[in-house]
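Right, one structure below, let's go through it.
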Amino acid sequence: YLIALRTGKMSAFWSFFIRTVYLKCTNSENELPKSAYMKKPIVIVGAGPAGSTAAYYLANRDVLIVDKKSFPRHKPCGGGLLNSRDWGLYFGNFSAIQPNLHTHPVFGMTMYWDTKPVFAREGHLFDHVRRVEFDDLLLQAALKKSNVSFRQFSVSSVTLRGNEVIVSNGKDEIAASCVIGCDGWNSQVARCLGNPSLKKNQFGSCMEHDIACDPTSRAHVFFCFRQELGYAWVFPASTGCYVGLGFVGNYVKPLRTYLDDFLDYCIGQGIVPKSASIRNTFGAPDPIFIPQTYSHDNALLAGDAMGLVKQISGEGIFFAMLSGKIAGETLSAKVDIATEYRRRINASVKEVTLLRNIPPKPIALSLLRGLFFLMRKGPFRVSVQNAFMNSFCRRRHLPVGSKYQPF
Ligand SMILES: Cc1cc2nc3c(=O)[nH]c(=O)nc-3n(C[C@H](O)[C@H](O)[C@H](O)COP(=O)(O)OP(=O)(O)OC[C@H]3O[C@@H](n4cnc5c(N)ncnc54)[C@H](O)[C@@H]3O)c2cc1C
């Protein structure tokens, strides 16, 4: 402890402490023989894209997915699937649902600094999906497997006890051999691994209007709208568009005030048609930091529960599915789960992480202002714009046969 304190490596110390002392101590009682615990199901908490994908990839084990909601259910989300033409190359379950999935293609995107247009790019950029349909199709694809079942169950605590994990809703308990925490930003499974609740600058606060209007096909992204840290968006949808925003840290007014101001601005500029009417308004946090502990001998985290969201864009659906797939495959193989999961997920952790800490707001805004200045003026502006678009849209490692066209 003293060495870590003196060398400034406290985060490494706590990670080591939780893994080697805390979790081992809390697990020392009630050890079950290996054969007994293998018979218990693997419980996946959360049936979003991470949970359903983990279940889809879990072979040779009984799997129980639990979710506090019944499906189909809505999830507050822009619904943008970046590079979705490549997703079939990554995910078998995506290919399986594609024939029944309604997507709305988005052609062209305009980038703004606050309300000033900076640059635009054309061509197919992403597809929009309605999460109520997308998540339900993914869950149904997982439930087609004979080893997977679903139960509506609101988890209030998760306890690691010897070789088993007890998942409870306060009334009933489910004993599992292993648990995968896919329960979103406020994950009970993350808590049971000793991770603290997220702090204010470790998640984006997001709010979104689902707008009924004539379908549009162009996306608009307003970085640092009203000089707040984050961005506001207009994403086209087959049913109209989604108008939303997400800010990190301390913003000045209530989020709803910014959102209504943003919608008025977009209508005033003709970005959103005047005939627009608000169908629904949703709010939800979007985590942007990876917790200290996300893999343990019988508990793994995936998706938002693991904070696996790309900091620059807020993109989380792809990484939820990727981490779910890796968690499922890791648990299906006879390997040291904790080490193997960390090894395989490491590339995605690096891909989503731009900064380990968000600097104070004035510094962060100045850095972003400088970047947008370079994209507006000067001899290298097109190269900087292209680099920015690639870091926004591109995967670090493209699959064989990728259709991604670099900017
Ligand atoms: C406003 C907004 C817009 C976004 N837009 C985009 C976008 O355009 N593109 C993109 O890629 N990403 C976007 N994201 C991020 C994306 O929505 C998430 O990263 C993604 O949904 C993560 O999937 P998941 O499966 O990890 O978690 P979720 O989809 O959140 O699923 C978690 C599941 O766990 C269940 N659950 C939670 N707690 C419990 C409990 N205690 N017991 C039982 N069940 C529980 C929930 O009911 C839920 O079904 C956006 C996020 C927000 C907030």
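Numbering of ligands and ligand atoms starts at 1, following listing order.
Ring centers of Tyr242 and Trp233: at least 6.0 Å apart, outside the cut-off. Phe392 has its ring centre no less than 6.0 Å from the ring centre of Phe407.
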Just distance, no hydrogens or angles: give the donor-acceptor pairs under 3.5 Å from side chains in residues 98-109, sequence neighbours left out.
| from | atom 1 | to | atom 2 | distance (Å) |
| --- | --- | --- | --- | --- |
| His102 | ND1 | Glu133 | OE2 | 2.6 |
| His104 | NE2 | Thr216 | O | 2.8 |

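Between Val66 and ligand 1, no N or O atom pair is found at a separation short of 3.5 Å. The shortest N/O to N/O separation between Gly78 and ligand 1 falls below 3.5 Å. Looking at Gly316 next to ligand 1, an N or O pair under 3.5 Å apart turns up. In terms of N/O distances under 3.5 Å, ligand 1 is not approached by Gly303. For a threshold of 3.5 Å applied to N or O pairs, the pair formed by Asp67 and ligand 1 contains at least one separation below that value.
Heavy-atom distances between Gly244 and ligand 1 stay at or above 4.0 Å for every pair. Not a single heavy atom of Phe319 sits under 4.0 Å from any atom of ligand 1. Remark: distances from the non-hydrogen atoms of Arg131 to ligand 1 include one below 4.0 Å. In this structure, Phe153 counts as a contact residue of ligand 1, since one of its heavy atoms falls inside 4.0 Å of the ligand.
Scanning the protein for heavy atoms near atom 45 (C) of ligand 1, the closest one is Lys68 CG, 3.8 Å. Of all protein heavy atoms, the one closest to atom 41 (N) of ligand 1 is Val155 O, 2.9 Å. Looking from atom 32 (C) of ligand 1 to the surrounding protein, the closest heavy atom is Cys182 O, 3.4 Å. Closest to atom 19 (O) of ligand 1, if we only count protein heavy atoms, is Asp304 OD1, 2.6 Å. Protein heavy atom nearest atom 8 (O) of ligand 1, with residue, atom name and distance: Gly80 N, 2.9 Å.
Applying the 6.0 Å contact sphere to NZ of Lys200 captures more than 12 heavy atoms from other residues, nucleotides or ligands.
Residues meeting the ring-ring contact (aromatic ring centres under 6.0 Å, His included) test with Phe222, sequence neighbours left out: Tyr112, Phe262.
Using a 4.0 Å cut-off between heavy atoms, Cys206 contacts ligand 1 through its side chain alone, with no backbone atom that close. Of all the heavy atoms of Lys75, the ones lying under 4.0 Å from any atom of ligand 1 belong exclusively to the side chain.
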